[in-house]
Number of protein chains: 2
Amino acid sequence: MPEPEPAPAKRGGYAKGDARKQQILDRAIEVFAQRGANKTSLRAIAEAVGVTHGTLIHHFGSLEELLVAVYLAGDKSVDARLELSENPSPVEIMIESARANRAVPGMVQLYSTLMAAAIEEGHPAATDFATEWFRTVRENIVQRVRENQQAGRIRADLDPRAVASLVIAASDGLQTQWLLDDTAPQSEALQLLEDLLRTDE
Amino acid sequence: MPEPEPAPAKRGGYAKGDARKQQILDRAIEVFAQRGANKTSLRAIAEAVGVTHGTLIHHFGSLEELLVAVYLAGDKSVDARLELSENPSPVEIMIESARANRAVPGMVQLYSTLMAAAIEEGHPAATDFATEWFRTVRENIVQRVRENQQAGRIRADLDPRAVASLVIAASDGLQTQWLLDDTAPQSEALQLLEDLLRTDE
DNA sequence: GTCTATAGGGCGATAGAC
DNA sequence: GTCTATCGCCCTATAGAC
């Protein structure tokens with residue numbers, strides 16, 4: 001199935017390879033959205049994408065690296081939407097991200113799988129992803145906390161780094177609870193945390 | 001290696017089988033404490049315990065059921081210690097449990113692995129464990145929240161169920177963060193949550 | 001009852017042909 | 001780039017020795 005190539009690029013020709021990689025990634029994300037992170041062997045993904053498992057290894061190096069790439073690509077859409085709102089509270093960010101994940105439960109399963117792999121030894125790709133992920137997210141949230149404190153929306157006496165870790169942890173843990181029992185008070189608990197952090201009425 | 005049998009019991013004779021099962025479990029817990037949840041195949045565990053993988057299957061039915069049994073057995077010691085203290089706050093319970101897990105990181109890895117398996121389909125043992133686990137823990141914590149509210153130590157206007165879910169989620173999430181980066185403010189964030197829940201000074 | 005041995009199949013990863 | 005073939009490891013399940 002020859003498709004119209006997006007400008008093959010005479011020089012430094014990685015365009016074709018990257019395009020193919022992106023194609024595979026797009027299809028893989030669809031698969032995760034539809035079927036969840038279930039039975040995600042290289043062979044199963046390869047079959048769904050329409051190549052062999054060897055091809056996936058060629059493009060991504062290992063199953064784990066492919067999974068990381070899928071998660072990061074899927075996360076971008078959430079990120080983009082958040083850029084639009086102004087000075088959101090840390091908890092609002094988590095609520096928005098939870099909303100997105102609720103629509104695509106496969107992403108939460110994938111996140112859990114990657115985190116479980118990350119805290120075991122011998123999974124460098126997952127460990128690197130998780131370490132970098134928490135570093136970035138925590139940094140981001142710490143900044144939001146500071147902004148909200150300056151705006152008088154979060155109590156100024158709280159340590160931004162502790163607040164950030166708490167908010168992230170709560171969000172992660174609640175998603176797990178909610179996936180196992182959809183009567184778990186996910187939104188309520190997040191809203192509760194929001195209220196607790198707010199400057200005293 | 002014939003060991004002194006603990007009263008073979010003429011009737012309803014499951015004593016011997018249960019004893020062997022407990023032996024295996026004890027040894028498996030040691031292995032997890034020493035080496036973490038790494039490379040936990042039936043064969044690897046069997047080798048460490050000193051039997052074959054078939055023996056483990058015979059006693060526990062499947063790898064997943066063995067892992068659940070190991071986690072539950074390892075958790076009992078924490079539970080026992082908590083019974084001693086009187087009317088602990090929900091967060092104090094989590095801090096104590098975090099302290100225990102810090103000493104035996106393999107248990108946190110095991111917990112993560114089980115939770116990741118639980119939220120995927122096709123892992124009934126893990127799913128049953130996790131569902132029941134959250135049900136029990138949440139029930140327990142809700143009760144503690146109520147007691148603390150009556151004692152005037154937690155704000156009476158908060159929904160106990162939301163508080164319980166939040167505390168559990170925060171604790172779980174912080175342990176993951178801490179395992180990946182031991183400078184993550186685990187204790188600080190838990191203490192912060194404790195302070196936020198406290199009746200206004 | 002308890003355990004060993006083995007069958008049958010899936011996995012990730014690699015090597016090399018096209 | 002993509003394929004096939006293959007390696008070594010893992011899993012569950014079962015047959016039968018002790």
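Note that this is a predicted model, so its numbers are computed, not measured. So that the names make sense, note that chain A is the first sequence line, chain B the second, and so on, each numbered from 1.
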| query | Of all the choices, dC11(D), dA13(C), dC3(C), which nucleotide is nearest to the side chain of His58(B) once you look at every atom? | reply | dC3(C)
| request: To the nearest Å, give me how far apart CG (Leu56(A)) and C1' (dG1(D)) are. | output: 12 Å
| query | What nucleic acid atoms does Leu42(A) come within less than 4.0 Å of, heavy atoms only: base, sugar-phosphate, or nothing? | reply | sugar-phosphate
| task | Using whole Å, report how far NZ of Lys39(A) lies from P of dG12(C). | result | 11 Å
| query | Arg135(B) and Glu139(B): salt bridge (Lys or Arg N to Asp or Glu O under 4.0 Å), yes or no, with the steps? | reply | CA-CA 6 Å; Arg135(B) 201 189 60 71; Glu139(B) 207 167 74; 3.1 Å; yes
| query | So, the side chain of Ser171(A) versus the backbone of Val167(A): is there a donor-acceptor pair under 3.5 Å, distance only? | reply | no
| request: Tell me whether the OP1 or OP2 atom of dT4(C) has a side-chain N or O from Thr55(B) closer than 4.0 Å. | output: yes
| query | Can you tell me if Asp26(A) and Gln22(A) form a side-chain donor-acceptor pair at under 3.5 Å? | reply | yes
| said: Nearest whole Å is fine: how far is dC10(D) P from Leu63(A) CG? | reply: 17 Å
| For atom CZ of Phe60(A) and atom C1' of dT2(D), their distance in whole Å | 15 Å
| remark: By nearest-nucleotide position on DNA chain C, the 5'-leaning member of Ile24(B) and Arg43(B) is Ile24(B)
| Rounded to whole angstroms, how far apart are NE2 on His123(B) and C1' on dC11(D)? | 13 Å
| request: In whole angstrom, give the distance that lies between atom CD1 of Ile57(A) and atom P of dG16(C). | output: 17 Å
| said: Between Gln149(A) and Arg146(A), do the side chains contain a donor N or O and an acceptor N or O under 3.5 Å apart? | reply: no
| task | Look at Arg20(B) and dG1(C) and indicate whether a side-chain polar atom (N or O) is within less than 4.0 Å of OP1 or OP2. | result | no
| task | Write down the distance between CD1 (Ile45(A)) and P (dG12(C)), rounded to a whole number of angstrom. | result | 8 Å
| task | Give Ser41(A) one of three labels, base, sugar-phosphate or nothing, depending on what nucleic acid heavy atoms sit under 4.0 Å from its own. | result | sugar-phosphate
| said: Between the base of dT6(C) and the side chain of His53(B), is there a donor and acceptor pair under 3.5 angstrom? | reply: yes
| field | Distance, rounded to the nearest Å, where Lys21(B) contributes NZ and dC3(C) contributes P | value | 12 Å
| note | Heavy-atom nearest pair, Ile119(B) first then Ser112(A), reads CD1-OG, 3.3 Å
| said: Need one value for Thr52(A): base, sugar-phosphate or nothing, where a base atom within 4.0 Å counts as base even if backbone is also close, heavy atoms only. | reply: base
